[in-house]
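In listed order, ligands and their atoms are each counted from 1.
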Amino acid sequence: MPADRLRSALRDSTSPLHRSLDDVVGDFGSIQAYTTYARKTHRFRQAMECALLDDDESGWMLDRIAWLIAMDVADLGTNVLPKTETELSFDTSARRLGAFYVLEGSALGARLLLRRAEAIGTNADFGARHLARQASDPMRWRSFLNVLENLPEDKHEAALAAARDTFSLALSIYSETADEFA
Ligand code: HEM
């Protein structure tokens, strides 16, 4: 069995959602656009980090960064968006690993996003703390994949569904317009 079989299935299964997310987020070529991105990222991350609060036996510990994104939002001179709660449940190791795939995987794109954010004047100490943190540990992804690939095959479908659920939640939050933030 190829070492990254589940990861490949996760990537294939979620790539259309990832592409839609890229389109919705856009290039954030201005501080205003980046600020909107940071506020929505906080909203998404906080909802997910709350939903994933309980300890479990998945073998992986999420790096919680919602608090860092809140600092970024404050650096940018605004406040975080109202909290949103998700009804999604991540109550099994398979579902948690599917969600972790999306959250940990977003660190791969963070290197690119950090370069864009730096081009408009933010950095690891101002406004882009969370991107710098995500980009700081390239070995973390490899460690995560080792845990992911230990999931028994009969649980893969559950992980795939949870990853799609997580991407769909992200897409709905990043697609929100100002009057939907309540
Ligand atoms: C404009 C916004 C985004 C861009 C430009 C972007 C870009 C990228 C890039 C370039 C990679 C591949 C990096 C590599 O292989 O070294 C990647 C991977 C990934 N990103 Fe994003 N990303 C964005 C937003 C997001 C968001 C908001 C999420 C999650 C909510 C996310 C989840 C993922 C995941 C799970 C992977 C890993 C895919 C795999 O298995 O290889 N991305 N992203």
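- Here atom 37 (C) of ligand 1 lies nearest to L108 when heavy atoms of L112, L108, L113, L145 are compared.
- Taking every non-hydrogen atom of F44 and a distance limit under 4.0 Å, the qualifying atoms of ligand 1 come out as 30 (C).
- For the atom pair R133 CZ and R64 CZ, the distance stands at 12.0 Å (nearest 0.5 Å).
- Looking only at protein heavy atoms, the nearest one to atom 3 (C) of ligand 1 is D22 OD1, 3.2 Å.
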- Do R140 and E104 pass the salt bridge (charged side-chain N to carboxylate O under 4.0 Å, His left out) test, and can you show the C-alpha distance, the side-chain angles, and the key distance before you say yes or no? CA-CA 8 Å; R140 190 176 166 84; E104 295 293 347; 2.8 Å; yes
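- Regarding atom 29 (C) of ligand 1, its nearest protein heavy-atom neighbour is V102 CG1, 3.6 Å.
- Against a heavy-atom cut-off of under 4.0 Å, V25 is close to the following atoms of ligand 1: 1 (C), 2 (C).
- The protein atom (non-hydrogen) at minimum distance from atom 8 (C) of ligand 1 is G109 CA, 3.4 Å.
- With a 4.0 Å cut-off on non-hydrogen atoms, R111 does not touch ligand 1 at all.
- The closest protein non-hydrogen atom to atom 36 (C) of ligand 1 is G105 O, 3.3 Å.
- The closest approach between F167 and ligand 1 falls below 4.0 Å for a heavy atom of the residue.
- Looking at Y34 and R116, their side chains never come closer than 4.5 Å, going by heavy atoms from C-beta outward.
- The protein heavy-atom contact nearest to atom 41 (O) of ligand 1 is R7 NH2, 2.7 Å.
- Residue S106 places no N or O, backbone or side chain, under 3.5 Å from any N or O of ligand 1.
- Every atom of ligand 1 is numbered from 1 in the order shown, and the set under 4.0 Å from a heavy atom of R11 is 39 (C), 40 (O), 41 (O).
- Polar contact with ligand 1: absent for W141 (N/O pair, distance under 3.5 Å).
- The closest side-chain heavy-atom distance from E118 to L131 is not below 4.5 Å.
- At least one cation-pi condition fails for R96 and F90: the charged atom is not both under 6.0 angstrom from the six-membered ring centre and inside a 45 degree cone around its axis.
- The shortest side-chain heavy-atom distance between I120 and S30 does not fall under the 4.5 Å cut-off.
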- Message: For L169 and M48: C-alpha separation, side-chain torsions, deciding distance, then whether side-chain contact (heavy atoms from CB on, under 4.5 Å) applies.
- Response: CA-CA 9 Å; L169 175 69; M48 286 303 298; 3.7 Å; yes
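- Heavy atoms of L21 found under 4.0 angstrom from ligand 1 belong exclusively to the side chain.
- Not one N or O on the side chain of K155 forms a donor-acceptor pair closer than 3.5 Å with the backbone of A94.
- Atom CG of residue L76 and atom OG1 of residue T122 lie 7.5 Å apart, to the nearest 0.5 angstrom.
- You'll find the side chain of T166 reaches within 4.5 Å of the side chain of F44, heavy atoms only.
- Residue contact annotation: Y37 has no non-hydrogen atom under 4.0 Å from ligand 1.
- R164 has its side chain within reach of S13: a pair of non-hydrogen atoms, C-beta onward, lies under 4.5 Å apart.
- Looking at ligand 1, you'll find an N or O of Y101 within less than 3.5 Å of one of its N or O atoms.
- Scanning H18, K40, R116 for the heavy atom closest to atom 22 (N) of ligand 1 points to H18.
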